[in-house]
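Every heavy atom of this structure was used, including side-chain atoms; hydrogens, water molecules and symmetry mates were not. Because the structure is predicted, anything quoted here is derived from the model rather than measured.
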Amino acid sequence: MRIQILTIFPELFEPFLRTSLVGRAVEDGLFEVTVHDLREFTEDRHRSVDDEPYGGGGGMVMSAPVWVKAVRAVSAALGEEGEGKPWRVLLSPQGRRLDDAAVRALAAEHDELVLLCGRYEGIDERVRELVVDEEISIGDYVLSGGELPAMVLVEALSRQVPGVVGLAKSVHEDSFRRGLLDHPHYTRPAELEGLEVPDVLLSGDHAAIERWRERAALRATWEKRPDLLDGAELTDEQRRELDRLRSEHEQHEED
Ligand code: 4HQ
């Protein structure tokens, strides 16, 4: 997967792209990320990227011409070497909310992305019409720029690239627990302020441990994010387990 990022703060991405799993993936060439300074595409002496809003009011608006020029230039550069047209994504609170399904779909459908990170009050509306294929939001809150959302997207996408996350883990997540929350995790000590690690995890019985984790993942989802269960594809065994959790719960209510 190849990603081009357009921003007026390219330095924000440097430590991020050098560190941890993303850093390793980039270094190993599994995942290519290029960050471009939007100001490189300006033509005036002051390298300005913003202007006053038509109609007046507070704050500045990012200018359309520089964005259109920049997106077309980096898209053409990708297109020459790659598969043709990259998918162009604007990070914005008006976009479709990012979730696991959206990350997987993006990774499966597009090998080349251009991410547009805006600042100030936003970008001239015409940029959307001319050079944006999709708007994506990372959540319903207001940030000062699209850079953090772009990093969120890049990190989530990197995990979908074969070889970036350890094989055992990804295979596992894929086949069993997709759409569910993770099970609880424990490490030493076995007892902390009276709180003990569940016995089964110390038993060495891998089949029993796996069954416990399956149930614990289901329970955690049911307790903390029941909304996720509506969309999850559950096995017959998982449905039975869910019924058991529900009747246990009703039992408690009656007691
Ligand atoms: N932005 N998810 C960039 C966001 C945002 C979000 C606000 C995007 C400011 C300039 N982007 N503009 N939430 O809050 O993606």
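Cluster annotation: Tyr54 is not connected to Trp67 through the hydrophobic network of ILVMFWY side chains, with a link wherever side-chain heavy atoms come within less than 4.5 Å. If you chain together hydrophobic residues whose side chains sit under 4.5 Å apart, Leu12 and Val22 fall into the same group. Side-chain heavy atoms closer than 4.5 Å link hydrophobic residues (I, L, V, M, F, W, Y) into clusters, and following such links, possibly through other members, connects Tyr120 to Val68.
The side chain to side chain donor-acceptor pair (under 3.5 Å) check on His36 picks up Gln4, with sequence neighbours excluded. Taking the salt bridge (Lys or Arg N to Asp or Glu O under 4.0 Å) definition, one finds that Glu43 meets it with Lys69, sequence neighbours left out. The salt bridge (Lys or Arg N to Asp or Glu O under 4.0 Å) check on Arg225 picks up Asp227, with sequence neighbours excluded. Annotation: side chain to side chain donor-acceptor pair (under 3.5 Å) contacts of Arg128 (sequence neighbours excluded): Glu125, Glu135. Qualifying salt bridge (Lys or Arg N to Asp or Glu O under 4.0 Å) partners for Arg215, counting only residues two or more places apart in sequence or in other chains: Glu241. For His185, the ring pair (Phe, Tyr, Trp, His ring centres under 6.0 Å) test picks out His183, with sequence neighbours left out.
At least one donor-acceptor pair under 3.5 Å links the side chain of Asp124 to the backbone N or O of Arg126. Counting only distance, with no hydrogens or angles, the side chain of Thr235 and the backbone of Gln238 share a donor-acceptor pair below 3.5 Å. A distance-only check finds a donor-acceptor pair linking the side chain of Thr7 to the backbone of Phe9 [under 3.5 Å].
Counting non-hydrogen atoms of other residues, nucleotides and ligands closer than 6.0 Å to CG of Asp243 gives a total above 12. Counting heavy atoms of neighbouring residues, nucleotides and ligands inside a 6.0 Å radius, atom CZ of Arg244 exceeds 12 of them.
From Ile136, atom CD1 reaches atom CG of Leu106 across 4.5 Å, with rounding to the nearest 0.5 Å.
Look at Arg211 and Glu214 and you find no salt bridge, because none of the NZ, NE, NH1 or NH2 atoms lies under 4.0 Å from a carboxylate O. Using a 4.0 Å cut-off between charged side-chain N and carboxylate O, Arg96 and Glu134 make a salt bridge. A salt bridge is defined here as a Lys NZ or Arg NE, NH1 or NH2 lying under 4.0 Å from an Asp or Glu carboxylate O, and Arg97 with Asp140 meets this definition. Salt bridge annotation for Arg18-Glu27: absent, with no cationic side-chain nitrogen under 4.0 angstrom from a carboxylate oxygen. Look at Arg219 and Glu223 and you find a salt bridge, because one of the NZ, NE, NH1 or NH2 atoms lies within 4.0 Å of a carboxylate O, short of that distance.
Ring geometry for Trp87 versus His110: interplanar angle under 30°, hence parallel rather than tilted (30 to 60°).
For the pair Phe41 and Val49, the minimum side-chain heavy-atom distance is 4.5 Å or more. By the 4.5 Å heavy-atom criterion applied to side chains, Pro86 and Val114 are counted as neighbours. Using a 4.5 Å heavy-atom threshold, the side chains of Leu157 and Ile3 count as touching.
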task = Would you check, one step at a time, whether the test salt bridge (charged side-chain N to carboxylate O under 4.0 Å, His left out) holds for Asp236 with Arg240?
result = CA-CA 6 Å; Asp236 290 345; Arg240 279 194 292 277; 5.3 Å; no
